[in-house]
Amino acid sequence: MRDLTENQFVAAMQRNGFTKDDRLLNGFRHPNLPKPMFMTLLIQANGHRGALKSALESLKQAQVAEAKADQA
């Protein structure tokens, strides 16, 4: 499977609610995550596609934890 380009990666992150933080190198913020995500090492290790997958998994975990906290 071909990796994403940087532009495709940024667009995919934005479609999923992440905003690029221009003050941080490859940093993205999401309203459901308490801290920004720094994607540089993930991109270097796994490519843009792997970094996107990791970001979405972190978001999913945060949303599940929030839902459980709301039920308690």
Side-chain angles (χ1 to χ4, degrees):
M1 186 180 301
R2 208 182 71 197
D3 196 18
L4 302 171
T5 66
E6 184 174 354
N7 289 339
Q8 290 171 323
F9 171 73
V10 171
M13 291 289 281
Q14 289 174 342
R15 279 193 307 271
N16 287 285
F18 289 86
T19 55
K20 186 153 177 40
D21 189 333
D22 292 327
R23 297 171 292 169
L24 306 169
L25 179 64
N26 286 321
F28 290 84
R29 294 187 184 275
H30 192 281
N32 293 349
L33 297 175
K35 296 181 180 179
M37 294 191 73
F38 299 99
M39 306 304 288
T40 302
L41 292 177
L42 284 170
I43 291 169
Q44 289 174 353
N46 303 315
H48 287 98
R49 188 176 298 281
L52 174 63
K53 187 175 180 179
S54 178
L56 294 176
E57 184 62 33
S58 293
L59 178 60
K60 181 179 174 183
Q61 289 173 356
Q63 289 171 335
V64 167
E66 184 179 315
K68 286 182 181 178
D70 288 345
Q71 290 177 351

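Quick caveat: nothing in here was measured; it's all calculated off a predicted structure.
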Working to the nearest 0.5 angstrom, can you tell me the gap between [X] [atom1] and [Y] [atom2]?
X	Y	atom1	atom2	answer
L59	L33	CG	CG	5.5 Å
N16	L56	CG	CG	4.5 Å
Q44	M39	CD	CE	12.0 Å
N26	M37	CG	CE	12.0 Å
S58	N32	OG	CG	12.5 Å
R49	I43	CZ	CD1	13.0 Å

Residues G17 and P31: closest non-hydrogen pair is O-CD, 3.8 Å
Might you point out which heavy atoms bring N46 and A51 nearest each other, and give the distance in Å? CB-N, 4.4 Å
Pairs involving residues 5-14, ordered by first then second residue, that meet side chain to side chain donor-acceptor pair (under 3.5 Å) (sequence neighbours left out): T5-Q8
Within residues 56-72 or reaching into it, pairs that qualify as salt bridge (charged side-chain N to carboxylate O under 4.0 Å, His left out) - sequence neighbours excluded: none
After noting the C-alpha distance and the side-chain angles of F18 and V10, does the key distance pass the side chain to side chain contact (heavy atoms under 4.5 Å, CB included) rule? CA-CA 9 Å; F18 289 86; V10 171; over 6 Å; no
Decide yes or no on side chain to side chain contact (heavy atoms under 4.5 Å, CB included) for F28 and D21, but give the supporting numbers first. CA-CA 5 Å; F28 290 84; D21 189 333; over 6 Å; no
Parallel, tilted or perpendicular: ring planes of H48 versus F9, cut at 30 and 60 degrees: tilted
